[in-house]
**Student:** 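What follows is a structure written as structure tokens; I'll ask about it next.
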Amino acid sequence: MNITLSCLLLLFFSTATIVTATDHIVGANRGWNPGINYTLWTANHTFYVGDFISFRYQKTQYNVFQVNQTGYDNCTTEGATGNWTSGKDFILLADSKRYYFICGNGQCFNGMKVSVLVHPLLSPPLAPLSSSSIMVVPSFMAYCLVSSTAFIRFFRDRI
């Protein structure tokens, strides 16, 4: 592997940000059951794009439907966009929006419904540079930075 490629890989991996998803288990240790205040449960959670919401329940008694706000408000599954029945359902929260879930066998009227607001992923803030925050870059990294910049300029001028 040549030194320029090594430098590019070093720069890539030194600037990569690790993002992990959270699995939010609805109702925590009480699971997806009637008589639980899921509004209170959601108040203690922050949901981000890429997180999962999990429903744990007895599959012979309950289920999960993803519905719109009207379905949520009226406890109806008409027009549902998702239906899960495994008893251990992991649902990806792929978009920044409000999601609505209900139990479709009548238990929605007993409180088995939950609404979650999913927030976009935030980029970490960049700290402004000041004269006191300038770091001394080790010579190899400085060489990599200069080499990779020259490498990029070389190919940019050829395109």
Side-chain angles (χ1 to χ4, degrees), residues 5 7-130 132-135 141 144-145 148-149 151-153 155-156 159:
L5 183 56
C7 291
L8 288 174
L9 290 173
L10 176 66
L11 285 172
F12 173 77
F13 287 113
S14 66
T15 60
T17 302
I18 297 173
V19 178
T20 59
T22 300
D23 179 20
H24 302 274
I25 302 171
V26 175
N29 62 344
R30 296 180 69 194
W32 183 234
N33 288 293
I36 298 173
N37 185 339
Y38 293 108
T39 302
L40 182 61
W41 175 81
T42 58
N44 293 312
H45 293 265
T46 304
F47 301 86
Y48 292 99
V49 170
D51 284 353
F52 289 87
I53 188 166
S54 298
F55 293 84
R56 312 284 169 86
Y57 55 92
Q58 293 181 9
K59 67 181 181 177
T60 57
Q61 293 185 328
Y62 309 120
N63 55 29
V64 179
F65 281 85
Q66 183 178 345
V67 296
N68 59 24
Q69 184 175 359
T70 302
Y72 179 83
D73 292 340
N74 299 319
C75 289
T76 61
T77 59
E78 187 175 326
T81 57
N83 178 12
W84 296 268
T85 59
S86 75
K88 291 184 181 178
D89 307 319
F90 297 87
I91 302 166
L92 175 65
L93 302 171
D95 299 309
S96 176
K97 67 177 187 177
R98 182 164 293 280
Y99 287 80
Y100 300 93
F101 300 98
I102 66 170
C103 182
N105 68 359
Q107 294 299 323
C108 177
F109 293 106
N110 292 324
M112 286 184 72
K113 62 183 189 176
V114 64
S115 170
V116 298
L117 179 62
V118 177
H119 301 280
L121 286 175
L122 302 175
S123 299
L126 296 175
L129 287 180
S130 66
S132 63
S133 67
I134 296 176
M135 297 186 329
M141 287 192 68
C144 287
L145 183 61
S148 60
T149 303
F151 181 78
I152 291 167
R153 285 184 182 155
F155 281 104
R156 184 190 64 202
I159 297 176

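All values below come from the heavy atoms of this structure, side chains included, with hydrogens, waters and symmetry mates left out.
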**Student:** With sequence neighbours left out, write down each residue that passes ring pair (Phe, Tyr, Trp, His ring centres under 6.0 Å) with Tyr72, or none if nothing qualifies.
**Tutor:**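 Scan of Tyr72 (ring pair (Phe, Tyr, Trp, His ring centres under 6.0 Å), adjacent residues dropped) gives Tyr100.
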**Student:** The test is disulfide (SG to SG under 2.5 Å); show your working for Cys108 and Cys75 and say whether it passes.
**Tutor:** CA-CA 6 Å; Cys108 177; Cys75 289; 2.1 Å; yes
**Student:** Strictly distance-based, threshold 3.5 Å: is any side-chain N or O of Asp95 a donor or acceptor partner for the main-chain N or O of Lys97?
**Tutor:**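 Here the side-chain-to-backbone pair does not exist.
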**Student:** Can you confirm if the aromatic rings of His24 and Phe47 lie within a centre distance of less than 6.0 Å?
**Tutor:**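 Yes.
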**Student:** Please check: side-chain N/O of Asp89 versus main-chain N/O of Ser86, any donor-acceptor pairing under 3.5 Å?
**Tutor:**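 Present.
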**Student:** Would you say Asn33's side chain and Arg30's backbone share a donor-acceptor pair under 3.5 angstrom?
**Tutor:**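 Yes: the side chain of Asn33 pairs with the backbone of Arg30.
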**Student:** Check whether Asn74 reaches the backbone of Thr76 with its side chain - one donor and one acceptor, N or O, closer than 3.5 Å.
**Tutor:**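 No.
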**Student:** Relative to each other, are the rings of Trp32 and Tyr38 parallel, tilted or perpendicular (30° and 60° limits)?
**Tutor:**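 Aromatic pair Trp32/Tyr38 classed tilted.
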**Student:** So, the side chain of Asn105 versus the backbone of Gln61: is there a donor-acceptor pair under 3.5 Å, distance only?
**Tutor:**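 Between the backbone of Gln61 and the side chain of Asn105 there is a qualifying donor-acceptor contact (under 3.5 Å).
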**Student:** Between Val67 and Thr81, is any pair of side-chain heavy atoms under 4.5 Å apart?
**Tutor:**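 Counting from C-beta outward, Val67 and Thr81 never come under 4.5 Å.
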**Student:** Got a sec, which pairs hit salt bridge (charged side-chain N to carboxylate O under 4.0 Å, His left out) with one end in residues 39-66, sequence neighbours left out?
**Tutor:**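 Sorted result for residues 39-66: Asp23-Arg56.
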**Student:** Is the backbone N or O of Asn63 less than 3.5 Å from a side-chain atom of Thr85, with the two atoms forming a donor-acceptor pair by type?
**Tutor:**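 It does not hold such a pair.
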**Student:** Name all residues meeting the ring pair (Phe, Tyr, Trp, His ring centres under 6.0 Å) criterion together with Tyr99; count only those two or more places apart in sequence or in a different chain, and write none if there are none.
**Tutor:**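 Expected list: none.
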